[in-house]
Amino acid sequence: MIKGIAASRGIGIGSICVITEHDLTYDSSKIEDTTAEKQRFNDAVEAFKTETAAMADDIRKRIGPKEAEILQGHLVMISDPAMSGEMIKMIDYGQRAEYAVGAVCDMFIGMFSKMDDDMMRQRASDIGDIKVSLLKILLGIKDVDISKVAPGTILVAKDLTPSMTSQIVKENVAGIITEVGGKTSHSAILARALEIPAVLSVPDITSKVKDKDTAIVDGTEGNVYINPEGDVLSQYIIKREDFIRKQAELKNFLGKETVTADGQSLELFCNIGTPKDAKKALECDGEGIGLFRSEFLFMDNNHLPSEEEQFNAYKEAAQIMGGKTVIIRTLDIGGDKDIPYLNMKKEENPFLGYRAVRYCLGNKDTYKTQLKAMVRASAFGKIKIMVPLVTCVEEIRAVKEMVSEIKKELDNEGQKYDNDLEVGCMIETPAASLIADILAKEADFFSIGTNDLTQYTMSVDRGNSDVAYLYSPFQPSVLRSIKHIIECGNKEGITVGMCGEAAADHLMIPLLISFGLKEFSVNPVLVLTARCIISKWSKSEADALTEKIMAIDNEADIVKALKEVAKE
Ligand code: PEP
Ligand code: MG
């Protein structure tokens, strides 16, 4: 058995497909036969065009025309004589095709990445993609087509990039194992959204397995078995059936209210990344949106989305939710979330750097465009604005000030908006937690981001597997912080929610009920699980447990004590 991080629940049993990272180094020595080399180059370009056109077609059908446009752009660029002509010239001078592709692409990447215009800068990353694809063809490297893997496949990769994830056909992938990533990395969040069992941070797994090995992925416990013995396999087949049966039983909670065992009503919201996910939230019986990660709109684009594009996205989410709360978080970039066309400076310490609200308040034009789109969209539903990574009261004040200015502007323009639009803050830094009493007087609501609150409180990079043993919301320090935030919010009479992954943790839920949390925001696929667990705890029972837990001085004993009384 190999241990990793339990990132997406469930049991996957299947046949391994390893996604390897390829070495793209090439021979730079000169050649004699330039005619043959040019032919090799032209054949590679033709193969690139055929592959790219087929991929664009597939993406258009499976995902949408906008996503396919990027690949169409690659076809236009490679057909531009300025690019292929330069490559041919270098081959005429005796350079190998690989060298010509590498050198010319690097020259264009250097040129485009220095330009001021965002669209032009995006070209640099497009040319980077073209370079990699052409080199792979020239070097005879074949990538696995993730969208075409057979049913029952266990994907094994170093990391799962968003572009790999977009190719996954849920019905065919039984499990995911990666070498990097933690419980709250974006690959983990995506695996959960796709309901595929996943174990991350399994050291050197790509070199320990080969295609067609049998694997068991226990995404609930974080265990992986390669070519397991017959008795282990049969045990896990039973466990998988048990998990599937329990999931089916959860359907009994569809359409029910979210109430504790003693009848206290709580709100059970969803975390989403795109307006379309709001449909999924409704299908899963979410009662609102507690976190709309607006940065996906920026990350899935090759340009800064305009006010109109953003307005349409926020309005769409509000309309889909039909009057139910939609909390939209303003742009949360930096740290682990990069947007290539913004060309943000590389930082020594990105998690402590120019990110989230700090970046937004330093780039007021971009921020104002986003806030204005949100305020305008508030006329179409119950939108709330949420500010990430707040560390001092000035930040929330500055955002509120901008929102007031925007409202005046909209009045002058005769445009509608919700005058009661709330502006709240995420509490995800120790600084914000320590001044939660002050922030509660300024913010209209709180939402606790335990993914970052754990990272910053424990001083552990949330994606670093070497320190993952410290990354736990059950650390006494994190629990004390959560309790304090909820108490401060409740004292001031504002709603306190939680949108970090801990809100759906069956061990955490009784503690949150006892602390007085009012709104739980979880991955849509976990709505019914959370509702089921909430229904099993009464306030008095949760209080008794919490008193015991808060007196324990270390994480391991806290988790042990919680597991002893866990209700699933
Ligand atoms: C959090 O930090 O808990 C959170 C919800 O935000 P993200 O995971 O996007 O940083
Ligand atoms: Mg966060």
Which heavy atom in [X] sits nearest to a heavy atom in [Y], and how many Å separate them?
X	Y	answer
C270	V527	SG-CG2, 3.5 Å
C499	L291	CB-CB, 3.9 Å
H303	Y341	O-OH, 3.0 Å
A7	A188	CB-CB, 3.8 Å
I127	F108	CD1-CB, 3.6 Å
S294	I328	CB-CG2, 4.1 Å

Of all pairs that satisfy ring-ring contact (aromatic ring centres under 6.0 Å, His included), the ones with a partner from residues 195-218, not counting sequence neighbours: none
Pair listing, ring-ring contact (aromatic ring centres under 6.0 Å, His included) test, anchored in residues 84-105, at least two apart: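 Checked against ring-ring contact (aromatic ring centres under 6.0 Å, His included) - neighbours excluded - no pair reaches residues 84-105.
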Donor + acceptor pair across side chains of [X], [Y] (<3.5 Å):
X	Y	answer
R96	S29	yes
E309	S306	yes
Q319	Y314	no
T206	E179	yes
D277	T274	yes
Q310	R376	no
T153	N172	no
E316	N312	no
Q475	T454	no

Sidechain-backbone polar pair: [X] side chain, [Y] backbone, donor-acceptor under 3.5 Å:
X	Y	value
T429	L453	no
T220	G10	yes
T214	S15	no
S201	G181	yes
S207	D204	yes

Derivation and outcome, side chain to side chain contact (heavy atoms under 4.5 Å, CB included), residues I5 and V202: CA-CA 7 Å; I5 293 176; V202 181; over 6 Å; no
Just jot down the side-chain hydrogen bond (donor to acceptor under 3.5 Å, both in side chains) partners of [X], sequence neighbours excluded, or say none.
X	value
K3	N223
D452	Q455, R462
S447	none

NZ/NE/NH1/NH2 to OD/OE distance under 4.0 Å, [X] and [Y]:
X	Y	value
R293	D332	no
E295	R329	yes
E37	R40	yes
K170	E195	yes
K210	D213	yes

Crowding at NZ, K158 (>12 non-hydrogen neighbours, <6.0 Å):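 Atom NZ in K158 is not packed in, count stays at 12 or less.
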K49, NZ: over 12 other non-hydrogen atoms inside 6.0 angstrom: yes
Derivation of the salt bridge (charged side-chain N to carboxylate O under 4.0 Å, His left out) call for E221 and R9: CA-CA 8 Å; E221 292 297 329; R9 295 177 337 131; over 6 Å; no
Do [X] and [Y] have side chains that get closer than 4.5 Å, going by heavy atoms?
X	Y	answer
V522	N271	no
L342	I333	yes
T52	I78	no
I88	D92	yes
L331	Y367	no
R358	T391	yes

Mutual orientation of the aromatic rings belonging to F351 and Y456 [parallel < 30°, tilted 30-60°, perpendicular > 60°]: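 Plane angle over 60°, so perpendicular.
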Steps toward side-chain hydrogen bond (donor to acceptor under 3.5 Å, both in side chains) verdict (N42, E46): CA-CA 6 Å; N42 286 332; E46 280 316 305; over 6 Å; no
Matching residue for L200 among I205, T178, D159, I177 - test: side chain to side chain contact (heavy atoms under 4.5 Å, CB included): T178
Ring-face cation contact, Y236 with K239, 6.0 Å cut, 45° max: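 Judged by the rule, K239 and Y236 form a cation-pi pair.
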Stepwise side chain to side chain contact (heavy atoms under 4.5 Å, CB included) check, I19 with L155: CA-CA 7 Å; I19 320 283; L155 292 179; 3.9 Å; yes
Can you give the donor-acceptor pairs under 3.5 Å from side chains of residues 129-140 to other protein atoms, not counting sequence neighbours?
{"residue": "K131", "atom": "NZ", "partner": "D106", "partner atom": "OD1", "Å": "2.8"}
{"residue": "S133", "atom": "OG", "partner": "D129", "partner atom": "O", "Å": "3.0"}
{"residue": "K136", "atom": "NZ", "partner": "D143", "partner atom": "OD1", "Å": "3.3"}
{"residue": "K136", "atom": "NZ", "partner": "D143", "partner atom": "OD2", "Å": "2.6"}

CA sep, side-chain torsions, deciding dist, call: R192, E501, salt bridge (charged side-chain N to carboxylate O under 4.0 Å, His left out): CA-CA 11 Å; R192 284 194 286 277; E501 298 294 305; 2.6 Å; yes
